[in-house]
Protein chains: 2
Amino acid sequence: MNKLNKLLHQELRLAIVSYLAGVEWVNFNKLLDITEATKGNLSVQIKKLEAAGYLEIKKSFKDNYPLTQCKITDDGRNALDEYVKDLKQLLNMK
Amino acid sequence: MNKLNKLLHQELRLAIVSYLAGVEWVNFNKLLDITEATKGNLSVQIKKLEAAGYLEIKKSFKDNYPLTQCKITDDGRNALDEYVKDLKQLLNMK
DNA sequence: TAAACTAGTTTATGAAATAAACCAAATTAT
DNA sequence: ATAATTTGGTTTATTTCATAAACTAGTTTA
């Protein structure tokens with residue numbers, strides 16, 4: 001039994017990372033939109049993912065407003081692949 | 001975004017249900033063995049799954065010792081199928 | 001210039017996962 | 001015979017975590 005990656009085995013974080021795996025830099029509001037999370041929750045979870053080195057967070061200003069963008073890292077991508085592999089095994093899927 | 005089934009989106013419970021999906025009645029010790037959980041944790045989690053109607057628990061005695069057996073229900077099987085479907089979608093898998 | 005909105009962050013709380021402690025009965029050792 | 005150990009669990013206590021609510025800081029609009 002390989003234990004599942006606990007950081008990724010959580011719906012919101014998994015949704016974030018899965019989404020980011022397929023795209024480039026994405027801003028906070030886009031993530032809010034696709035995950036349907038609250039802002040507080042999203043803020044907390046991307047910070048955790050950043051702390052783990054699974055994504056980069058870039059802060060700037062766009063049209064006078066703060067802009068927070070996220071991008072998955074290689075580590076994040078690898079962790080996601082590993083997680084999916086472990087999960088399939090747990091589920092007895094090929 | 002279909003939310004994932006919270007009861008199933010937990011490693012131990014998912015391991016239990018996934019395993020039971022492929023077999024008949026299984027006793028407590030076998031589940032302990034395949035999940036590598038502690039007895040307390042296993043006891044708690046099968047009870048939750050039973051409360052949700054995802055599995056049946058049958059208590060008896062075998063060779064003078066208490067024997068607890070579990071079996072997945074149709075509801076449990078359906079919930080697992082649904083969970084896997086939702087998960088695949090979340091992961092952008094076909 | 002006050003109200004409402006943008007784009008977040010911080011904190012408080014309730015729920016849940018887990019391990020540790022416990023229990024009753026059976027078995028084995030002394 | 002009885003003390004110690006093992007079996008097969010359950011209950012309880014603790015810690016962690018997910019989440020919502022409250023807050024911050026600034027911008028735009030009426």
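Atoms considered below: every heavy atom in the structure, side chains included; atoms not considered: hydrogens, waters and symmetry mates. In what follows, chains are A, B, ... by sequence order, proteins preceding strands, each numbered from 1.
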Residues two or more places apart in sequence or in another chain: which of them pass salt bridge (Lys or Arg N to Asp or Glu O under 4.0 Å) with A/Glu82?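 Per chain and number, A/Glu82 pairs via salt bridge (Lys or Arg N to Asp or Glu O under 4.0 Å) with A/Lys85.
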Of all residues at least two apart in sequence or in a different chain, which pass the salt bridge (Lys or Arg N to Asp or Glu O under 4.0 Å) check with B/Lys71?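 Per chain and number, B/Lys71 pairs via salt bridge (Lys or Arg N to Asp or Glu O under 4.0 Å) with B/Glu24.
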Looking only at the side chain of [X] (C-beta and beyond, no hydrogens), which of the listed nucleotides [options] gets closest?
| X | options | answer |
| --- | --- | --- |
| B/Lys39 | D/dT10, C/dA19, D/dT19 | D/dT10 |
| A/Asn64 | C/dT27, D/dT10, D/dT27 | D/dT27 |
| A/Phe28 | C/dG8, D/dT27, D/dT11 | C/dG8 |
| B/Lys47 | D/dA18, D/dT10, D/dT7 | D/dT10 |
| A/Tyr65 | D/dT11, C/dT6, D/dA20 | C/dT6 |
| B/Thr38 | C/dA17, C/dT6, C/dA19 | C/dA19 |

Across the strands shown, which category fits B/Thr68 at heavy-atom distances under 4.0 angstrom: base, sugar-phosphate, nothing?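 Sugar-phosphate: the residue B/Thr68, judged by heavy atoms under 4.0 Å, touches backbone atoms but no base.
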Whole angstroms only, please: what is the [atom1]-[atom2] distance between [X] and [N]?
| X | N | atom1 | atom2 | result |
| --- | --- | --- | --- | --- |
| B/His9 | C/dA16 | NE2 | P | 14 Å |
| A/Leu42 | D/dA20 | CG | P | 12 Å |
| B/Ile16 | C/dT18 | CD1 | P | 10 Å |
| B/Glu11 | C/dA16 | CD | P | 18 Å |
| B/Leu32 | C/dT18 | CG | C1' | 14 Å |
| A/Lys48 | D/dC17 | NZ | P | 6 Å |
| B/Ile57 | D/dT10 | CD1 | P | 7 Å |
| A/Leu12 | D/dA20 | CG | C1' | 13 Å |

Earlier contact from the 5' end, DNA chain C, for A/Lys6 and A/Lys59: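 Final value for this comparison: A/Lys59.
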Pick the closest DNA chain C nucleotide for A/Lys62 and for A/Gly40 by heavy atoms, then say which residue is nearer the 5' end.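 Closer to the 5' end of DNA chain C: A/Lys62.
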State, without any angle test, whether A/Asp74 and A/Tyr54 hold a side-chain donor-acceptor pair at a distance under 3.5 Å.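 Short answer, no.
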Measuring to OP1 and OP2 of D/dA18, would you say a side-chain N or O of A/Arg13 lies under 4.0 angstrom away?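 A/Arg13 to D/dA18 OP1/OP2: side-chain N or O found under 4.0 Å.
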I want to confirm an ordering. Mapping B/Asn41 and B/Asn29 to their closest nucleotides on DNA chain D, which one lands closer to the 5' end?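 Its nearest nucleotide lies further toward 5', so the answer is B/Asn29.
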Of A/Asp63 and A/Gln45, whose closest DNA chain D nucleotide lies nearer the 5' terminus?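 Whichever sits nearer the 5' end wins; that is A/Gln45.
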Check whether B/Asp63 reaches the backbone of B/Tyr65 with its side chain - one donor and one acceptor, N or O, closer than 3.5 Å.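 Side chain of B/Asp63 to backbone of B/Tyr65, a donor-acceptor pair under 3.5 Å: no, none is there.
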Once ring pair (Phe, Tyr, Trp, His ring centres under 6.0 Å) is applied, do any residues pair with A/Tyr19, and if so which ones, sequence neighbours excluded?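 Scan of A/Tyr19 (ring pair (Phe, Tyr, Trp, His ring centres under 6.0 Å), adjacent residues dropped) gives none.
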Any residue meeting ring pair (Phe, Tyr, Trp, His ring centres under 6.0 Å) with A/Phe28, in chain and number order, not counting sequence neighbours: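 Per chain and number, A/Phe28 pairs via ring pair (Phe, Tyr, Trp, His ring centres under 6.0 Å) with no residue.
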Need the bend value for the helix from C/dT1-D/dA30 to C/dT30-D/dA1: angle between end axes, 5 pairs each end, nearest 10°.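 For the helix from C/dT1-D/dA30 to C/dT30-D/dA1, the axes at either end differ by 10°.
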Drop me the distance from B/Glu11's CD to B/Ile16's CD1, to the nearest 0.5 angstrom.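 If I round to the nearest 0.5 Å, the distance is 11.0 Å.
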Sequence neighbours left out, what passes side-chain hydrogen bond (donor to acceptor under 3.5 Å, both in side chains) with B/Asn78? Give chain and number order.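 Listed in chain order: nothing, the list is empty.
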